[in-house]
Peer 1: 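My structure is below; once you've seen it, I'll send some questions.
One-based numbering along the sequence shown.
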Amino acid sequence: MAQRTVLFVLFDGVQSLDVTGPLEVFAGAEQHTPGTYRIRTASLDGAAVRTSSGLTVVPDEALARADTPHTLVVPGGQGTRRPDARLADWLREHAPRAERLVSVCTGAIRLAEAGLLDGRRVTTHWAYCDKLARDHPAVEVDPDPIYVRDGHVSTSAGVTSGIDLALALVEEDLGRDAALTIARHLVVFLRRPGNQAQFSAQLAAQTAQREPLREVQQWITEHPDGDLSVESLAVRARLSPRHFARAFQTETGMTPGRYVDRVRLEHARRLLEDTSDGVEEISRASGYGTPEGMRRAFVRALGTAPSEYRRRFHPAQ
């Protein structure tokens, strides 16, 4: 395979992990298979940039002098909140020449500003999906997946999902064994499918304000196989079922039933990934009762059955 140049675009206010996470994946792939990737970083003028955390990063070159890359990576960060006409102009002219165009987190905003996402299905950090859809109505924004691949354009959600996407690209280039080796070296898992919902981030961000409701949320997480009916949960919150359901939705942004569905799916997914327990055992432990109930939930949310999910994302022993 010919060596592929991977170019990371840098700018002030960039999220450092959006850069270093995927970069380490491609660097690991180059170490695994020398001659595979040539990794470069560039800013508009070639000057050092200050990341959102205060870290200073010195790029390899100026964007104006950069060769057309095979894979162009546009990270996100606080800097994307400020439109940058010069960077938008550069992306508009040069990005279409890349064979693969990738954004991490709110880097999708940079691509959208340049008109590169019109007519495409994309994602970004869940907290900015509404803004992206509102500011760029020609873009189809899907707030759920951790990454989306639409033709040669790939977009990912919050910071660590950039690592998942980079591993998927390496797997496409070098095969699953190489990607799995890199994932193990980085102490991450080659296991999250692109259409996995941003469960944990959404749940953690919508913690109820009142203590009784927070206690109920914790109970749900710790007892996915318990009686999680509205009536039972209302007793724990010391509220009437109607009052509980209304208060829970107001403070968490979703109904109790929807919240329970997400917790159970997350629990079952992790058991499929981390254990060798049978599907029937996992279905009971996750509150589905039967394998068929769990299968329907997986197909509805992830588009795949539990057995196929495990086959694809359970690490090889």
Side-chain angles (χ1 to χ4, degrees), residues 125-127 143-146 157-161 163-164 187-193 195-307 309-310 312-315:
H125 190 289
W126 61 267
D144 284 333
I146 59 171
V159 286
T160 58
S161 62
I163 296 175
D164 295 291
V187 200
V188 297
F189 294 103
L190 181 66
R191 57 175 56 176
R192 298 206 294 175
N195 62 352
Q196 179 187 312
Q198 299 178 46
F199 295 118
S200 298
Q202 290 179 346
L203 293 176
Q206 299 182 80
T207 302
Q209 295 179 358
R210 283 181 279 182
E211 185 174 351
L213 296 180
R214 290 200 303 271
E215 292 176 352
V216 168
Q217 285 182 288
Q218 185 65 27
W219 171 264
I220 293 171
T221 301
E222 294 175 351
H223 302 86
D225 58 340
D227 179 1
L228 303 183
S229 64
V230 169
E231 291 75 16
S232 177
L233 296 176
V235 170
R236 290 191 170 277
R238 298 177 291 281
L239 298 170
S240 70
R242 179 177 298 181
H243 187 188
F244 167 75
R246 183 169 58 248
F248 191 96
Q249 182 166 8
T250 297
E251 295 199 18
T252 68
M254 64 181 71
T255 66
R258 180 62 172 158
Y259 191 93
V260 168
D261 286 345
R262 292 198 169 195
V263 167
R264 282 177 166 161
L265 189 63
E266 177 78 352
H267 187 262
R269 184 183 64 80
R270 293 193 183 282
L271 290 179
L272 288 169
E273 296 168 354
D274 297 337
T275 76
S276 298
D277 295 346
V279 171
E280 185 171 353
E281 183 180 355
I282 291 174
S283 67
R284 289 197 302 269
S286 303
Y288 292 112
T290 66
E292 177 58 24
M294 187 169 75
R295 189 194 70 81
R296 288 196 299 268
F298 265 67
V299 171
R300 182 171 59 250
L302 301 179
T304 188
S307 57
Y309 183 94
R310 167 170 274 173
R312 295 177 59 195
F313 302 107
H314 190 284

Peer 1: Can you check whether G293's main-chain N or O pairs, donor with acceptor, with T290's side chain at less than 3.5 Å?
Peer 2: yes
Peer 1: Return the minimal non-hydrogen interatomic distance between S286 and H267, and the atom names on each side.
Peer 2: OG-ND1, 3.1 Å
Peer 1: Going by the salt bridge (Lys or Arg N to Asp or Glu O under 4.0 Å) test, which pairs reach into residues 286-297, not counting sequence neighbours?
Peer 2: E292-R295, E292-R296
Peer 1: To the nearest 0.5 Å, how far apart are CD in E281 and OG1 in T275?
Peer 2: 7.5 Å
Peer 1: I need the full list of ring-ring contact (aromatic ring centres under 6.0 Å, His included) pairs touching residues 213-252, with sequence neighbours left out, sorted by first then second residue.
Peer 2: W219-H223, F244-F248, F248-Y259
Peer 1: List the residues meeting salt bridge (charged side-chain N to carboxylate O under 4.0 Å, His left out) with R210, not counting sequence neighbours, and say none if there are none.
Peer 2: E251
Peer 1: Which atom pair, heavy atoms only, marks the closest approach of V230 to P256?
Peer 2: CG2-CB, 4.3 Å
Peer 1: Quick one: salt bridge (charged side-chain N to carboxylate O under 4.0 Å, His left out) partners of R284, sequence neighbours excluded?
Peer 2: E280
Peer 1: Tell me the ring-ring contact (aromatic ring centres under 6.0 Å, His included) pairs involving residues 286-307, sequence neighbours left out?
Peer 2: F298-Y309
Peer 1: Taking all atoms of both residues into account, what is the closest heavy-atom pair of L228 and L233, and its distance?
Peer 2: O-CD1, 3.5 Å
Peer 1: Give me each pair satisfying salt bridge (Lys or Arg N to Asp or Glu O under 4.0 Å) with a member in residues 216-234, each pair once, sequence neighbours excluded.
Peer 2: none
Peer 1: Rounded to the nearest 0.5 Å, what separation is found between the CG atom of D261 and the CE atom of M254?
Peer 2: 10.0 Å
Peer 1: For the residue pair R270 and L265, establish whether any side-chain heavy-atom pair is separated by less than 4.5 Å.
Peer 2: no
Peer 1: Between M294 and A268, which heavy-atom pair has the shortest distance, and what is it?
Peer 2: SD-CB, 3.8 Å
Peer 1: Rounded to the nearest 0.5 Å, how far apart are CG of L271 and CD of E266?
Peer 2: 10.5 Å
Peer 1: Which residue, R238, E211, R236, forms the side chain to side chain contact (heavy atoms under 4.5 Å, CB included) with V216?
Peer 2: R236
Peer 1: Give me the atom names and distance for the closest heavy-atom approach of L213 to A237.
Peer 2: CD2-CB, 4.3 Å
Peer 1: Over all heavy atoms of both residues, which pair between P145 and A157 is shortest? Give the atoms and the distance, please.
Peer 2: O-CB, 3.9 Å
